[in-house]
Amino acid sequence: MKMDDLIVVTGAGGFIAGALTRYFHDKGFTQIRAVDKKPLPEWYQQVPGVEALCLDLSERDTCVRACEGAVEVYNLAADMGGMGFIEHFRVECLRSILITANLIEAAYRAGVERYFFSSSACAYNTELQKEPQARALKESDAYPAMAERGYGWEKLMSEIFCQEYWAERGMKTFIARFHNVYGPFGTWDGGREKAPAAICRKVIEAKDSGKHEIVIWGDGTATRSFMYIDDCVQGIDMIMHCDDLIATPINLGSSELLSINNLVSLVEEIAGVKLQRRYDPGAPRGVAGRNSDNTLIKRTLNWEPLTPVRQGLKTTYAWIEQQYAARKAGKHARS
Ligand code: NAD
């Protein structure tokens with residue numbers, strides 16, 4: 001890629017695409033177009049020198065506008081959130097297929113050289129994730145398909161779009177299945193937040209209120225792996241520029257498995273508190289166990305996400321604490 005080739009990042013007002021925009025900017029790329037349907041003041045990050053457009057990409061014409069002149073397109077726009085959101089708003093999740101259908105066609109017509117899609121571990125067969133100690137998921141485990149209702153099926157179908165735009169039309173497409181991503185500049189309140197941010201916020205609230213207890217969704221035994229945002233953006237870049245991975249879904253996740261109880265303990269340690277745990281068995285909890293099998297990424301890229309969760313959580317906790325304090329003081333906070 002030339003340093004002045006136009007890179008388009010969608011969903012850039014959100015968590016991961018915001019960090020990706022900053023990553024390319026810091027690498028020295030001079031032509032970056034960031035797109036999101038959120039009004040600009042609500043974006044987590046606005047990177048100086050980057051063209052920022054507020055467009056709803058579920059429509060054809062806005063996708064055409066977004067892709068004008070683009071050499072690479074990174075599609076991270078989606079209506080999504082943690083389990084609380086994806087279990088309750090399945091229709092909204094499914095409707096993200098409109099972004100895929102319109103954006104990939106616009107990218108193809110614009111002559112884009114490479115197209116990236118952010119898929120999810122929720123595309124995997126849920127039958128394989130019924131135990132906390134379920135074996136790590138390898139890429140072939142998406143089929144036979146029994147994805148997460150709503151959100152997971154949309155991801156699987158969008159992957160198929162990418163595969164067919166390569167097979168039938170020759171556009172180079174790349175597909176990463178993200179496993180939980182966390183870090184600063186992401187959702188930490190409001191209903192769309194995922195477990196690491198939600199737990200950091202609850203611990204901060206408990207400390208602040210002096211009421212030393214925490215409500216944990218489920219029974220705390222569910223397991224997941226958590227990838228730090230810096231690993232995620234580096235992985236996206238590496239996957240997008242590896243021709244061995246054209247139209248090939250690949251796990252992009254940490255393989256350090258933790259239970260939700262372990263995650264709470266880590267955040268307690270960072271915060272220097274010990275809280276009374278109350279469990280809410282009726283709350284959304286997702287599958288019982290999920291981890292990333294990193295055999296393929298290690299083989300093809302000689303790399304895998306390795307930031308220890310303890311280290312990544314420290315910066316995440318500090319950022320959320322700052323946002324919490326700002327909001328409490330009546331200042332603008334990004335939640
Ligand atoms: P996010 O909610 O922070 O960002 C998504 C952004 O997309 C939001 O800012 C939203 O406004 C925007 N968007 C939604 N609909 C749009 C539309 N019609 N037009 C334009 N913009 C629109 O989420 P994130 O965590 O940054 O996730 C980015 C991508 O990665 C998503 O595709 C998500 O499904 C995928 N993913 C994330 C995780 C994770 O742990 N965060 C895990 C697996 C997959």
Side-chain angles (χ1 to χ4, degrees), residues 1-38 40-55 57 62-78 99-100 102-119 162 165-166 171-176 178 181 183-186 227-247 250 252 297 300-305 307 315 334:
M1 257 202 113
K2 297 199 289 297
M3 297 314 279
D4 61 353
D5 279 347
L6 177 64
I7 298 174
V8 172
V9 182
T10 74
F15 169 43
I16 303 174
L20 188 65
T21 304
R22 181 166 293 285
Y23 169 88
F24 284 130
H25 171 268
D26 292 353
K27 273 190 106 172
F29 287 94
T30 55
Q31 304 273 1
I32 305 172
R33 178 180 297 148
V35 187
D36 202 291
K37 74 173 176 184
K38 273 199 259 186
L40 294 175
E42 289 173 27
W43 290 28
Y44 288 117
Q45 307 199 52
Q46 267 200 57
V47 184
V50 166
E51 179 187 7
L53 299 180
C54 177
L55 297 174
L57 296 168
T62 50
C63 288
V64 170
R65 166 72 188 93
C67 290
E68 264 167 24
V71 175
E72 295 192 345
V73 171
Y74 295 81
N75 179 20
L76 288 94
I99 304 175
T100 290
N102 286 313
L103 193 69
I104 199 167
E105 177 67 16
Y108 170 71
R109 286 177 186 259
V112 158
E113 287 174 16
R114 287 170 193 264
Y115 180 94
F116 177 88
F117 174 63
S118 52
S119 187
C162 293
Y165 268 77
W166 165 245
M171 181 167 70
K172 290 185 179 176
T173 58
F174 299 83
I175 306 154
F178 299 167
V181 189
F185 300 97
M227 165 170 57
Y228 191 57
I229 185 66
D230 292 2
D231 289 335
C232 182
V233 293
Q234 190 186 345
I236 293 172
D237 185 7
M238 290 169 92
I239 290 168
M240 180 74 145
H241 299 104
C242 173
D243 279 354
D244 290 343
L245 291 173
I246 295 173
I250 183 168
L252 181 55
I297 197 164
T300 48
L301 300 178
N302 197 21
W303 175 87
E304 66 177 315
T307 304
T315 40
R334 293 182 163 78

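Start at 1 with the first residue, then count along the sequence.
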If every non-hydrogen atom of Leu252 is compared with every non-hydrogen atom of Cys232, which pair is closest and at what distance? CD2-O, 3.6 Å
Distance alone, cut at 3.5 Å: any donor-acceptor contact between the side chains of Thr10 and Asn75? yes
Between the main-chain N or O of Pro305 and the side-chain N or O of Asp231, is there a donor-acceptor pair closer than 3.5 Å? no
Between the side chains of His25 and Gln45, is a donor N or O closer than 3.5 angstrom to an acceptor N or O? no
Sequence neighbours excluded, the answer for salt bridge (Lys or Arg N to Asp or Glu O under 4.0 Å) partners of Arg109 is Glu105
For residues Tyr115 and Cys162, determine if any side-chain heavy atom of one lies less than 4.5 Å from a side-chain heavy atom of the other. yes
Neighbour count >12 (heavy atoms, 6.0 Å) for atom CG, Asn302: no
So, taking the atom named CD in Gln31 and the one named NZ in Lys2, what distance separates them when rounded to the nearest 0.5 Å? 11.0 Å
Using side-chain heavy atoms (C-beta onward) and a distance below 4.5 Å, is Ile175 in contact with Ile250? no
Hey, are the side chains of Phe117 and Leu76 touching, using non-hydrogen atoms and a 4.5 Å cut-off? no
Side-chain contact, heavy-atom cut-off 4.5 Å: Ile32 with Val47? no
Do Phe185 and Arg22 touch side chain to side chain, with heavy atoms closer than 4.5 Å? no
Work out which heavy atom in Ile229 is nearest to a heavy atom in Pro184; give both atom names and the distance. CG2-CD, 4.2 Å
Are the side chain of Asp237 and the backbone N or O of Gln234 linked by a donor-acceptor pair below 3.5 Å? no
Kindly indicate whether the side chain of Glu113, heavy atoms from C-beta on, has any atom under 4.5 Å from the side chain of Lys172. no
Note, Arg114 side chain near His241 side chain (heavy atom, < 4.5 Å): yes
Say you draw a straight line from CD1 of Ile7 to CD of Glu51; how long is it, rounded to the nearest 0.5 Å? 13.0 Å
Tell me, please, whether Tyr44 has Lys38 positioned over its six-membered ring: NZ or CZ under 6.0 Å from the ring centre and within 45 degrees of its axis? yes
Say whether, by atom type as modelled, one donor and one acceptor occur between the side chain of Glu68 and the main chain of Ala110 under 3.5 angstrom. no
Distance only, no hydrogens: is a donor on one side chain within 3.5 Å (strictly under) of an acceptor on the other, for Thr300 and Asp244? no
Identify the heavy atoms of Ala176 and Ile239 that sit nearest to each other, and give their distance. CB-CD1, 3.9 Å
Parallel, tilted or perpendicular: rings of Phe116 and Tyr74 (30°, 60°): tilted
